[in-house]
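Here the structure is laid out as C-alpha cells; the discussion comes afterwards.
Throughout, a chain's letter reflects where its sequence line sits, starting with A, and its residues are numbered from 1.
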Amino acid sequence: MPDTSLPDTSLRDSAYNYAYLDEQTKRMIRRAILKAVAVPGYQVPFGGREMPLPYGWGTGGIQVTAAIIGRDDTLKVIDQGADDTTNAVSIRRFFARVADVATTTRTEDATVIQTRHRVPETPLSDGQILVFQVPIPEPLRMLEPRETETRTLHALREYGVMQVSLYESIARHGRIAKTYNYPVLVNGRYIMSPSPIPKFDNPKLDRSPALQLYGAGREKRIYAVPPHTPVKSLDFDDHPFEIETWSECCALCGSRDSFLDEMIVDDAGKRLFVCSDTDYCERRR
Amino acid sequence: MYVAVKGGETAIAHSLDLVADKRRGDRSVAELSLEQIDQQLGLAVDRVMTEGSCYDRGLAALAIKQARGDLVEAIFLLRAYRTTLPRFGTSQPLDTSRMVAERRISSTFKDVPGGQVLGPTYDYTHRLLDFSLAVAGEREVAPTAPADTALALPRVGDILENEGMLEPAPSADGKPGDLTREPLALPAARPLRLQNLARGDEGFLLALGYSTQRGYGNNHPFVGEIRFGSVPVSFVPEELGFAIEIAEIDVTECDMVNQFAGSHDVPPQFTRGYGLAFGHAERKAMAMALVDRALRAEELSETATSPAQDEEFVLAHSDNVEASGFVQHLKLPHYVDFQSELVVVRALREEAEARNSCGVTPALQASLARAAE
C-alpha cells in the first residue's frame, strides 16, 4: 500500500487562523452543533462559508471538523472507507496545513474521524467523533423538492410520503431497492439522511457510543446523533430491513463480514473483491 | 497495486505541478501580467468581481490568471479568499443618481434629463472579426468630453414615479440579511433575493430572463434606464459618527419598467425590476432585473406558473460556485454506493430471469407455498 503518512505537521500555514476558519465562524458552527446534538436528527441551518475546497468535496464535514478540532486531537480521514483515496488524502493534507494535528489511519486511535460514504468496520468507542460529509441533508428531498414543504413535513412528523415511497419500491421490485442513503428514524422523532453510506453501515449508527456529526456545506445544514441514540432504518414488518451480502470474501484478508469493493482486473471482466475499509483490511492480513 | 484511484498523495502532488505548468503554457510566450488582465480583459474582471462578491480588480485579475481564464473557477477562488476577510461594517446605500456616468440610455423616452449617453458599447459594433487586432500595434486614444462630476443624473424611474405611473421602489424594513454569513431562509425578502441574484451565475439568469420573454412568466419589460459609471461609496465609522467617502466603484445599473394591469388594491401602473452589477455588465444587470421582476409575482398577486417566478427554484440554483461543485463532485469516487447498486440490480436481474424462465414470480411462489401449507 502507498505511504499515507503526512509531511511534518508543524509546518502549519500561519497566513490563516488555526484550522482555517476564524474564531467567530467556529463559534457559530459550534452553536449549530450543540443545537443539533440537543435535537437528534434535526437539520440546523448554519452560515456555511466558502471553503478552499469545492462544494461536493466535503465542505460541510470540513467545516464541522475545523470547528471541533484541537491540537490534542488525532484525525483520521476516509473516503469510500479508504485512507488513501485522493479526496481523503487531500482533506488530510488540508488539516495538516492549517491545524497542528496528529493524523492516523487506525480507527481506534482517532478522536475525530471524517468520512465520506462509509462507517469504519472497527467498532467505535466512547469519546470518538464521526464527522460525515453530506451532499443532500434532506431525506425527503427527492420526494418533495421544496425546502419550505419539507420543513413543515418534519415539524408535523408527517412522514407518510417516505413510507409510501418504500412501499412503492416493494410493489415494483419485490423488495426495498434503496441501497445507500437509506433513511433512518432518529430517536423515534426525525427521519434523517445517514449521508450516502451503504445501507450495510446503517446498523452501526444505532446506539453507537461515538458522537455522529453530519455537515452539509452547500446546503448549509448540520445535524447530529448523540452517543447511544436509537437509529432505526425504516422498514415494514413483512419486509424487514436487510443489508448487502456477498458470496465472495475479501481477496486480501479473507473477511466475510466487511463491505467489499468490486474491481475489474482484466479485459475479460474478471472480478476481485476486497475490503472497502483499508485500515480494517490491512491489519487483518 | 491494481487500484489506480487509490494512493493519492504523490498523484495529487504531480497533478498540482501539471496544473501550474499548463497555466504557464509555452515558455517562449511572454507571461500575462495582472495589469494586462485588468486593462485588456476588463469585462472578465468585472464578472469575477460581481459573482465573486468582492470589488477588487487586482484580486479578480489574479484569480483569472490562476484559473487560466476559467471565470467560474476564478469566481470560486475570489469567494474563498473573500470569506476569510474580517467584516468592518456596512457601507451606506449607493446613490446612483450621483453616478459619473460613462454610459446612460433609456429605451422608454427619446430624450431624458441629462441626455442619452451612448458611451462604450458593443451594441452597434458589427461582429466582424477585426484582424488588425491580431497583431500588436499602437491604438489611437478615443476623444472624450470632460466628465461633468457635478451633474446629477435623475433616474428615469424616479421621474415616472413622481407622475404616479411607476410604483415606488419596494421598500425593505430593517437591516438586509447577508447571504455570505447566514444561510438562505425561504421565503426570502426582496433584499435577500437581490443579493442572491447579484451573486448569481450570469448564464443562468440570462436563460431565466430570456424564458420570461418567451412566455414563461412574461412581464412586458422596457429598459427604463441602464447606466454605467463610477459612484462614491460612503461609510460611517463608529468612532466618527458621520459618513466619509472611502472609495469609488464602477457599477452597471438597470431599471426595468414592466407592465402591470393592477390588482385588487392597486390601480394599473408600471412595476420595477432591478439589476446591479460591479463594473460594466449590462447583460447581467438586465437579466437580473427581469428575474427580479418575475420573482415578485406573488407580491403583485400574479399567478406564478413559470420557473423564473419560482423563488425556491431560482434562488437555490443560481450560485455557480455551488452548482459547479456539486455537478463536478460526481468525479469523486462513488464506488461504495455503486457497489451497493450492483448488488441489488444483480439480485433483481436474477429474480427477473427466474421469473421469465418458469413464468412464476418469487412472490407468487411464496404465496403458493404458503397456500400449500
Original post:
Do the non-hydrogen side-chain atoms of B:V344 and A:R175 ever get within less than 4.5 Å of each other?
Top reply: yes

Subject >> Segment of B:T84 engaging chain A (4.5 angstrom heavy-atom cut-off) >> reply: side chain

Original post:
Shortest non-hydrogen contact from B:E51 to B:D201?
Top reply: OE1-CA, 3.6 Å

Original post:
Taking side chain as C-beta onward, heavy atoms only, is A:N202 less than 4.5 Å from A:P194?
Top reply: yes

**OP:** Heavy-atom pairs under 4.5 Å with chain A are the metric here; pick the option from B:D319, B:D178, B:V336 that has the most.
**Re:** B:V336

Subject >> Contact winner vs chain A - B:R82, B:Q339, B:E341, heavy-atom pairs under 4.5 Å >> reply: B:Q339

Original post:
Is any side-chain heavy atom of A:E244 closer than 4.5 Å to a side-chain heavy atom of A:P198?
Top reply: yes

Original post:
Does A:E121 reach the side chain of A:D279, with side-chain heavy atoms less than 4.5 Å apart?
Top reply: no

Original post:
So, B:S53 side chain and B:M49 main chain: donor-acceptor pair closer than 3.5 Å or not?
Top reply: no

**OP:** Tell me, out of B:P187, B:P183, B:G325, who's got the most heavy-atom pairs with chain A below 4.5 Å.
**Re:** B:P183

Original post:
So, the side chain of A:R172 versus the backbone of A:I170: is there a donor-acceptor pair under 3.5 Å, distance only?
Top reply: no

Original post:
Would a distance-only check, ignoring hydrogens and angles, find a side-chain to backbone donor-acceptor pair under 3.5 Å from A:Q133 to A:T59?
Top reply: no

Original post:
Relative to the ring of B:H334, is the ring of B:H329 parallel (under 30°), tilted (30 to 60°) or perpendicular (over 60°)?
Top reply: perpendicular

Original post:
B:R346 versus chain A, heavy atoms under 4.5 Å apart: side chain, backbone, both or neither?
Top reply: side chain

**OP:** Tell me the residues of residues 55-73 of chain B whose non-hydrogen atoms fall below 4.5 Å from those of chain A, in number order.
**Re:** none

Subject >> Residue, of A:R146, A:K199, A:R221, that accumulates the most heavy atom pairs under 4.5 Å with chain B >> reply: A:R146

**OP:** Side chain from CB out, backbone as N, CA, C, O: work out which of these in B:L16 comes under 4.5 Å of a heavy atom of chain A, or both, or neither.
**Re:** side chain

Original post:
Picking from A:M51, A:Q24, A:R116, A:K220, which has the most non-hydrogen pairs under 4.5 angstrom with chain B?
Top reply: A:R116

**OP:** Determine the option with the most heavy-atom pairs under 4.5 angstrom with chain A, choosing from B:D337, B:L342, B:V343.
**Re:** B:D337

Original post:
Between A:E147 and A:R141, is the closest basic N to carboxylate O distance under 4.0 Å?
Top reply: yes

Original post:
With only heavy atoms counted, which part of A:Y20 is less than 4.5 Å from chain B, the side chain, the backbone, both or neither?
Top reply: side chain

Subject >> Interchain contact, A:F46 with chain B, by part (heavy-atom threshold 4.5 Å) >> reply: backbone

Original post:
Non-hydrogen atoms of chain B under 4.5 Å away: do they reach the side chain of A:R118, the backbone, both or neither?
Top reply: side chain

**OP:** Heavy-atom distances under 4.5 Å only: say whether A:Y182 touches chain B with side chain, backbone, both or neither.
**Re:** neither

Subject >> B:V321 backbone acceptor or donor facing B:S324 side chain under 3.5 Å >> reply: no

Original post:
Can B:R193 and B:E311 be counted as an ion pair, charged N to O under 4.0 angstrom?
Top reply: yes

**OP:** For atom CZ of A:F241, decide whether the heavy atoms of other residues, nucleotides or ligands shown that lie under 6.0 angstrom number more than 12.
**Re:** yes

Subject >> Part of A:R151 lying under 4.5 Å from any heavy atom of chain B >> reply: neither

Subject >> A:R218 charged N/C atom sitting above B:F326 aromatic ring, 6.0 Å / 45° >> reply: yes

Original post:
Using non-hydrogen atoms only, which part of A:L21 is less than 4.5 Å away from chain B: side chain, backbone, both, or neither?
Top reply: neither

**OP:** Sort out for me which of B:K331, B:R181, B:E182 touches chain A most, counting heavy-atom pairs under 4.5 Å.
**Re:** B:R181

**OP:** Considering only heavy atoms and a distance below 4.5 Å, find which of A:G56, A:P52, A:G217 pairs most often with chain B.
**Re:** A:G56

Subject >> Part of A:I264 lying under 4.5 Å from any heavy atom of chain B >> reply: neither

**OP:** Just do the salt bridge (charged side-chain N to carboxylate O under 4.0 Å, His left out) check on B:R349 and B:E353 with the steps written out, would you?
**Re:** CA-CA 6 Å; B:R349 285 175 63 86; B:E353 227 163 83; 5.2 Å; no

